[in-house]
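Below is one structure, written out as structure tokens; the observations come after it.
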Amino acid sequence: DTGVSQNPRHKITKRGQNVTFRCDPISEHNRLYWYRQTLGQGPEFLTYFQNEAQLEKSRLLSDRFSAERPKGSFSTLEIQRTEQGDSAMYLCASSSPGQVYSGANVLTFGAGSRLTVL
Amino acid sequence: GNSVTQMEGPVTLSEEAFLTINCTYTATGYPSLFWYVQYPGEGLQLLLKATKADDKGSNKGFEATYRKETTSFHLEKGSVQVSDSAVYFCALITSNYKLTFGKGTLLTVNP
């Protein structure tokens, strides 16, 4: 297994355009997370899937953001009508089934997709 | 809600120096605690973890002890190397399945 894969690694777009990021998790992992990391800050939770079900969304995820995981495998994060404030690193992570709070499983992160909105 | 506070960086050390990066937390329930590391141009990697009070996580010469009484999880290493230069994040997770991160501490180790 090659770990969590994210594409594209870098995206430069003009304000107002739509962008889509893809995440391929570790194959046996049923949980998938999206985080956003801005310069000088720690990652902030955006949303979380268990299989194909989106179980929680942060208030950071405005109505311009949509995430899907149609078959419980890969996921996409789309940002519509991008704004300069959307410029950030978008991180995807996955984890295996089990009780997360026990630490029995751990989030494995991809390298991230960096978005620059001009 | 949950939160993590890390000592602010950047931290600059000479090779073989002792490292401490402070981390304190507030959480509802009983969190598991983590240190993640981010090397330049790479993704976040788990460095070590501790799941209950008084547990000590360790990896690659780094250690951190889960101190419930002081709500702390300080990262230490006895002798840092140039290759340890990276950003270090303290994080916690509770039963809500969400990792909460600190802001990160940039460590630079000079030869």
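It should be emphasised that the depicted structure is a prediction, and the values quoted were computed from it without experimental measurement. Hydrogens, waters and symmetry mates play no part in the numbers below; they use all other heavy atoms, side chains included. Per chain, numbering begins at 1; letters A, B, ... match sequence-line order.
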Do you know which of V87(B), L106(B), L44(B) has the most heavy-atom pairs under 4.5 Å to chain A?
L44(B)
Would you say the rings of F45(A) and F101(B) are close, in the sense that their centroids are separated by under 6.0 Å?
no
Please round to the nearest 0.5 Å and tell me the distance separating atom NZ of K98(B) and atom OG1 of T47(A).
10.0 Å
Determine whether more than 12 heavy atoms belonging to other residues, nucleotides or ligands lie under 6.0 Å from atom CD of E16(B).
no
Are more than 12 heavy atoms from other residues, nucleotides or ligands located less than 6.0 Å from atom CD of E8(B)?
no
Over 12 foreign heavy atoms within 6.0 Å of CG, L118(A):
yes
How close do G42(A) and F89(B) get, counting heavy atoms only, and between which atoms?
CA-CE2, 3.5 Å
Is F21(A) reachable from Y35(A) through a run of hydrophobic residues whose side-chain heavy atoms are each under 4.5 Å from the next?
no
Most chain A-contacting option - heavy-atom pairs closer than 4.5 Å, from Q45(B), E42(B), K52(B), Q38(B):
Q38(B)
Tell me whether R15(A) at atom CZ has more than 12 heavy atoms from other residues, nucleotides or ligands lying less than 6.0 Å away.
no
Is it possible for you to say whether F65(A) and M89(A) belong to one hydrophobic cluster, with membership spreading through side-chain heavy-atom contacts below 4.5 Å?
no
Taking atom CD of E68(A) as the centre, report whether more than 12 heavy atoms of other residues, nucleotides or ligands fall under 6.0 Å from it.
no
Answer key: most heavy-atom pairs under 4.5 Å with chain B among A111(A), S58(A), A93(A) is A111(A)
For chain B, which candidate among Q6(A), E44(A), R9(A), Q37(A) shows the most heavy-atom pairs at distances under 4.5 Å?
Q37(A)
Same cluster (ILVMFWY, side-chain, under 4.5 Å), L60(A) and V19(A)
yes
Gap separating the CD1 atom of I93(B) from the CG atom of L107(A), nearest 0.5 angstrom:
5.5 Å
Could you tell me whether a side-chain N or O of Y33(A) sits under 3.5 Å from a main-chain N or O of L99(B), the two making a donor and an acceptor?
no
Test item: F109(A) and L46(B) side chains (from C-beta on) under 4.5 Å apart, heavy atoms:
no
Side chain from CB out, backbone as N, CA, C, O: work out which of these in L55(A) comes under 4.5 Å of a heavy atom of chain B, or both, or neither.
neither
